[in-house]
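Below, chains carry the letters A, B, ... as their sequence lines are ordered, and counting in each starts from 1. Because the structure is predicted, anything quoted here is derived from the model rather than measured.
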Amino acid sequence: MKRYYWFVPILFVLCACGGNAVAPALGVAPAPHPDRRSSWISPELERTQAPLLFVSDAGTADVYIYNVKTLKVVGTITGFAQPQGECSDNKGNVWVTDASGGTVYELSHRGHLENELVQKGATPVGCTWDPTTGNLAVMSLLGVPSQSGGVLVFPKGVGTPTLYTNSKQYFYNFGDYDAGGNLFFDGRDANGNFMLSELPKGKSSAHTVALTGGTIYFPGMVQWDAAKQDFIVGDQSCGNLYASCVYSVKIAGNTASITGETKLQNSAGGQLCDLVQGVLFNKELLGSDNDFCGSTPSATYIWPYPGGGAPTRYNGKTDSVPVGAAISR
Amino acid sequence: MSSLTTLRVVAALVAGGILAGCGGGVPQVGGPGITSAGAPAVREHRGESWMAKGLKNRDLLYVSNSDGVVNVYRYWQHTLVGVLTNFTQPVGECADAAGNVYITDYTAEKVDEYAHGGKKPIKVYDDSPYQPQACAVSAKTGDLAVANYGYYQAGNIAVYPHGSGSPTFYGGTRDDHFISCAYDDRGDLFAVSNAGYSGIYYSQFYYLPKRGAQLVPMNLPGPSRSWEWRGVRAVAWDGEYWLVDVYGLYRFTINVKATYVDTITLQGDGDLGPVWIYRKNLKSTGSQVVGVENNYGQTDSVDFWSYPAGGSPIAQITKDLDGPSGLAVSMGTPQ
């Protein structure tokens with residue numbers, strides 16, 4: 001019952017912003033129960049060089065740091081307002097978008113604050129780091145420059161950003177760069193329909209990429225899969241249901257073709273309720289299920305990719321309303 | 001709040017009233033909004049700098065005075081071993097890992113750098129048109145941060161990259177008059193400004209993470225819900241926690257947000273000014289705290305306390321002081 005109450009205000013916010021989508025939680029509603037705890041970092045985190053999974057939780061307004069191998073929590077960073085999507089660079093730093101106050105926090109591998117990027121009026125919910133330039137692209141769901149969102153690109157991850165938009169897109173969610181430095185990002189138009197856009201490297205505006213081979217109902221993760229040379233694009237409303245899945249999407253010109261679907265199960269064997277953002281790492285997909293559907297507790301999972309199916313590991317003891325995921329190497 | 005602390009607050013308020021407009025014994029130097037924690041009065045001083053020999057491996061305590069003189073003491077012996085003159089209005093001080101000492105000269109709008117035990121500046125940072133109130137040096141990068149008070153205009157934080165005379169300026173979000181700044185061991189900067197509104201000097205804190213490009217306003221929770229920060233004297237880093245110096249030492253951690261840790265009470269009989277946390281080396285946390293106590297014509301002193309125990313002073317210097325306003329410890333062994 002408690003989880004149902006979570007869901008209602010989130011839908012209300014989405015509808016009030018002009019979108020028609022009836023969609024699962026996006027996680028941009030105010031965090032109802034920030035736990036106001038102090039950050040803690042375990043001795044293991046202070047000395048580890050192992051890859052870590054950072055999970056943002058809009059419910060507790062915290063970021064949990066998991067050991068990827070064990071899915072044990074090795075640190076908790078507190079003090080956020082509405083932590084959303086995440087991304088990381090090749091040094092192990094992780095950016096955490098915070099929809100409240102237009103802030104993006106940069107954390108080190110050990111969870112120390114490295115920088116804060118503040119852009120008033122923005123609603124940052126997703127980000128990605130460009131390995132070809134070192135630039136940081138931040139997806140602002142709404143509010144830039146007026147009511148529609150946009151992509152803010154911070155040179156080298158600092159300083160004053162440049163705003164990029166696709167005039168046909170209204171909501172901006174998640175994105176990633178391909179190997180050539182072209183930025184692809186998803187979102188919705190003003191009517192709530194899924195959109196995929198491309199900001200070609202060096203260009204000043206983005207254009208729509210037509211999606212073929214299937215339908216995505218509500219934008220989820222976007223990540224470049226270097227091994228397969230395609231993108232993983234998530235759907236938070238797979239089959240127009242309260243369910244999540246991810247698709248393999250091949251880009252050719254201005255067309256994006258769905259070439260495969262990966263279904264993801266929760267710890268009870270049911271279909272995942274809401275994977276807002278996952279992250280591909282070493283042939284595994286890592287992410288959390290915001291299970292407002294009520295079948296299992298919200299949890300952080302690891303699934304084989306592209307096989308999907310049952311999780312190989314999970315931790316259901318920590319998450320409240322998990323949203324973003326990023327790997328710190 | 002202990003009775004001694006209460007006495008200190010009353011003394012500070014009385015002193016603040018004198019500075020703010022009563023035209024008492026201490027000449028006013030500040031423009032609108034200058035606080036009792038602002039630069040002290042200018043007093044002309046004549047004489048040559050001198051320095052004893054054999055100080056190379058000695059920990060030295062530098063103390064700025066309102067008569068324009070900087071006293072140099074053996075840290076552990078508390079004996080005067082040198083005097084630096086040639087200042088107009090020395091105020092804040094800081095030291096780097098090599099033992100070089102930086103002294104802000106408020107009215108002259110410059111910062112002088114002295115080698116450990118040196119008599120003449122080895123470098124002068126032109127801070128004009130700003131009035132440097134305090135400074136800090138990053139042990140990580142060697143960057144020199146200068147808290148510029150500002151006069152009729154807002155001040156700023158000027159960061160001189162290691163060895164550079166060309167600073168980057170970081171402004172606040174309001175009519176900020178910066179009075180102190182400090183680096184932690186990672187290179188993050190914590191700063192505080194005071195601004196006067198209706199005679200009450202509210203303090204605003206800022207944080208500049210090591211990769212940051214702008215000062216981020218940082219709300220610091222107090223020990224109680226209704227807490228307000230007024231008339232903060234300085235901020236510092238003790239090797240583990242950030243400190244806010246205002247009639248006691250309030251300790252915090254900062255990572256995304258600030259979290260209050262505890263309060264250390266320093267008993268004394270004057271108006272506590274900036275403090276210095278003595279650390280044996282950069283791997284250790286503070287073991288002593290040293291602070292200037294300005295008694296406005298009474299017995300000025302430099303007091304030493306155990307840290308983090310606080311309580312009553314364990315030692316005191318009272319000789320050769322005249323309105324002490326800032327201090328720094330130059331370590332005899334490079335850090």
Side-chain angles (χ1 to χ4, degrees), chain A residues 31 34-41 45-46 54 56-57 60-65 75-83 89 91-98 100-120 129 134 136 154-161, chain B residues 138-141 143 145 157 159 161 168-174 182-191 204-225 227 237 239-242 250-263 283 285:
Chain A
D35 56 12
R36 306 190 193 287
R37 293 181 297 170
S38 297
S39 296
W40 70 271
I41 292 170
L45 178 55
E46 285 289 0
F54 285 55
S56 61
D57 193 315
T60 56
D62 295 337
V63 169
Y64 302 116
I65 304 176
T76 302
I77 311 302
T78 64
F80 301 93
Q82 294 172 264
D89 65 12
K91 294 185 298 185
N93 288 353
V94 172
W95 282 274
V96 180
T97 63
D98 194 320
S100 175
T103 305
V104 182
Y105 297 94
E106 181 182 356
L107 304 176
S108 72
H109 183 71
R110 288 173 172 76
H112 294 294
L113 179 66
E114 299 285 302
N115 195 9
E116 281 187 45
L117 302 171
V118 181
Q119 189 68 18
K120 287 186 178 178
W129 180 77
L136 179 74
F154 292 83
K156 307 296 183 189
V158 295
T160 304
Chain B
S138 168
K140 180 83 172 180
T141 64
D143 292 353
I157 297 290
V159 175
T168 300
F169 295 102
Y170 299 90
T173 56
R174 60 173 205 174
Y183 278 107
D184 65 12
D185 298 335
R186 291 172 12 95
D188 307 309
L189 182 75
F190 185 42
Q204 172 68 51
F205 300 96
Y206 291 94
Y207 194 63
L208 182 66
K210 70 178 185 181
R211 268 177 46 82
Q214 60 187 11
L215 293 177
V216 178
M218 181 63 65
N219 292 323
L220 259 65
S224 62
R225 283 189 177 274
W227 191 262
W237 170 252
E240 184 176 6
Y241 299 114
W242 294 105
Y250 298 81
R251 301 203 293 181
F252 294 86
T253 60
I254 297 178
N255 197 28
V256 178
K257 69 171 182 180
T259 303
Y260 170 75
V261 176
D262 59 13
T263 302
K283 291 182 179 177
T285 55

- Query: CG/B:Leu208 to CG/A:Asn115 distance, rounded to the nearest 0.5 angstrom?
  - Reply: 8.0 Å
- Message: Nearest 0.5 angstrom please: B:Arg211 CZ to A:Glu106 CD, how far?
- Response: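 B:Arg211 CZ to A:Glu106 CD: 4.0 Å, rounded to 0.5 Å.
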- Item | A:Leu113 backbone acceptor or donor facing B:Asn255 side chain under 3.5 Å | yes
- Among B:Gly212, B:Gly187, B:Ala258, which has the most heavy-atom pairs under 4.5 Å with chain A? B:Gly212
What pair of heavy atoms forms the shortest contact from [X] to [Y], and how long is it?
X	Y	result
B:Val256	A:Glu116	O-OE2, 4.2 Å
A:Gly159	B:Ala213	N-CB, 4.1 Å
B:Pro209	A:Glu114	CB-O, 3.0 Å

